[in-house]
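All remarks here apply to the structure that follows.
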Amino acid sequence: MTTVLGIEGTAWNLSAAIVDEDDVIAEVTETYRPATGGIHPREAAQHHAMYASNVIERLLNEFRENGHHPKDIDAIAFSQGPGLGACLRTVATSARALAMSLDVPMVGVNHCIAHIEIGRWKTPATDPVVLYVSGGNSQVLAHRAGKYRIFGETLDIGIGNALDKFARGAGLSHPGGPKVEAYAKESTGYVKMPYVVKGMDFSFSGLSTAAKDALSKHSLEDVCYSFQENAFAMLVEVTERALAHTGKNEVLLAGGVGANMRLREMLDVMCDDRGARFYVPERKFMGDNGAMIAYTGLLMFKSGTTTPIDQSHVDPSFRPDTVDVTWITDKHEEVL
Ligand code: AMP
Ligand code: MG
């Protein structure tokens, strides 16, 4: 058995977990909740710094209570990016200290890839087109020739941030996504909004602004509904084209916005029409979590990848398509 401890802290959630090949053995999370407004990067980093040692201590206690010993840990994984620089640096510092004290290697994990791998672990998906929709990120990805390729992505802000920004402007508290979903359910009509897909990429910031402006003429319910319909149709369109292009027959939904039932419904209809299978992990594995970092670290460690301390610097714009996916063989792929 291989056992890896992983720490996530790219944005609002500080979460650490220990996993082996079979399951999550222990997990402890401390969430930063802004008193007002959205996520403040420096405050989030201060939150992570304040709770880091407490989270690790509780995690190791839970690990011991489940019959293990810290010396069973083979590697320390940490989210190396993308994310908020100050938050990433705090987590990397904790990971370095822990790796040195346990005398085990570090594994720097790409946060987007971790969302994919936890989905492949916790659902039957094997080789999916992935729609990864979170606060800061929105991407359509799929594995091809040794890398997770980005088939389409946002040209400006993530869909989660677009929803949160609009919601904040409408006087709703953070995070706005779930509130927009709730208001949308009470809508009685559609309001015309921008629909921006360029090639395989999409853009949300104009939609977010247009939705805010529409509030002067239309009800909050109708604006929330129309915002969702347009934004999600854009995401589903690009996901469908990636399916057609790659010839794959599975779709995996990842990231916090994946909690949205209307988005799931639209993806489900599209997959049904194309004869593709649609997978959604359990809620706790969809948003940012330590288990996804630990598990991806385990896959990387087992396939021979570790991160020397002098290469453990963080990268706030770390792109998933720069990582060699050493843990998947291309057996399901023809010569490209
Ligand atoms: P993540 O960055 O992956 O942890 O996801 C956080 C984002 O998910 C925030 O922008 C939330 O507003 C968004 N979110 C959470 N639940 C929902 C929902 N039901 N509908 C839309 N967005 C949501
Ligand atoms: Mg995320």
Side-chain angles (χ1 to χ4, degrees), residues 6-15 29-34 37-39 41 44 48 78-84 87-88 91 109-119 130-139 141 148 153-154 157-170 172-185 204-205 207-208 211 224-236 252-267 280-293 295-296 316-320:
I7 316 175
E8 157 60 27
T10 54
W12 53 276
N13 219 14
L14 175 67
S15 175
T29 296
E30 279 291 344
T31 305
Y32 158 73
R33 290 189 182 81
I39 297 178
H48 296 355
F78 67 106
S79 48
Q80 202 166 7
L84 303 172
C87 296
L88 291 170
V91 165
V109 171
N110 179 283
H111 176 93
C112 315
I113 292 183
H115 274 288
I116 302 175
E117 291 306 341
I118 192 108
V130 181
L131 175 60
Y132 166 41
V133 277
S134 69
N137 302 291
S138 298
Q139 291 173 331
L141 309 116
Y148 278 113
E153 64 187 318
T154 181
I157 55 177
I159 172 68
N161 283 356
L163 287 163
D164 294 341
K165 199 174 103 190
F166 159 73
R168 211 158 49 237
L172 307 172
S173 63
H174 185 87
K179 284 138 210 158
V180 172
E181 178 173 24
Y183 278 106
K185 285 203 185 101
F204 294 113
S205 108
L207 175 56
S208 189
C224 288
Y225 169 75
S226 311
F227 187 144
Q228 284 199 163
E229 291 304 295
N230 275 32
F232 297 165
M234 285 155 53
L235 293 167
V236 174
L252 174 69
L253 182 58
V257 182
N260 189 289
M261 297 311 285
R262 178 59 183 146
L263 175 60
R264 293 183 188 193
E265 186 185 2
M266 287 165 78
L267 285 165
V280 184
E282 227 181 298
R283 182 76 183 92
K284 66 178 177 190
F285 296 125
M286 291 208 87
D288 297 346
N289 64 89
M292 72 185 197
I293 303 300
Y295 181 67
T296 307
S317 49
F318 190 2
R319 293 190 55 87

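Ligands are counted one by one from 1 in listed order, and the atoms in each one are counted from 1 as well.
- Protein heavy atom at the shortest distance from atom 5 (O) of ligand 1 is G256 CA, 3.2 Å.
- For atom 4 (O) of ligand 1, the closest heavy atom belonging to the protein is W12 CZ2, 2.9 Å.
- Looking only at heavy atoms of the protein, atom 9 (C) of ligand 1 is closest to D164 OD2, 3.5 Å.
- Looking at atom 22 (N) of ligand 1, its nearest protein heavy atom turns out to be G177 CA, 3.4 Å.
- Of all the atoms in ligand 1, the ones that sit under 4.0 Å from a non-hydrogen atom of G160 are 10 (O).
- Closest to atom 20 (N) of ligand 1 among all protein heavy atoms lies N260 ND2, 3.0 Å.
- Distance check for H115 against the Mg ion (ligand 2): an N/O/S atom falls below 2.8 Å.
- If you check which protein heavy atom lies closest to atom 2 (O) of ligand 1, you get G135 N, 3.1 Å.
- Every residue was checked against the side-chain hydrogen bond (donor to acceptor under 3.5 Å, both in side chains) condition with N110, not counting sequence neighbours, and none meets it.
- Among all protein heavy atoms, the one lying closest to atom 19 (N) of ligand 1 is E181 OE1, 2.7 Å.
- Between the side chains of Y132 and N137, at least one donor-acceptor pair of N or O atoms lies under 3.5 Å.
- A donor-acceptor contact shorter than 3.5 Å is absent between the side chain of H115 and the backbone of V133.
- Nearest heavy-atom pair, A254 versus V130, reported as atom, atom and distance to 0.1 Å: CB-CG1, 4.3 Å.
- Near D288, with a cut-off below 4.0 Å to any heavy atom, the atoms of ligand 1 are 1 (P), 2 (O), 3 (O), 4 (O).
- Distance from atom 13 (C) of ligand 1 to its nearest protein heavy atom, with residue and atom name: V257 CG2, 3.8 Å.
- Put simply, no part of A11 is less than 4.0 Å from ligand 1, judged by heavy atoms.
- T154 and S138 are not linked by any side-chain donor-acceptor pair at a separation below 3.5 angstrom, with hydrogens and angles left out of the test.
- Of the N and O atoms on the side chains of E8 and T10, at least one donor lies less than 3.5 Å from an acceptor on the other residue.
- In this structure, D164 and H174 approach most closely via the heavy-atom pair OD2-CE1, 3.5 Å.
- Residues meeting the salt bridge (charged side-chain N to carboxylate O under 4.0 Å, His left out) test with R319, sequence neighbours left out: E153, D321.
- Within 6.0 Å of the CZ atom in F318, the count of heavy atoms belonging to other residues, nucleotides or ligands exceeds 12.
- Among A162, G136, P178, the residue whose heavy atom lies nearest to atom 17 (C) of ligand 1 is P178.
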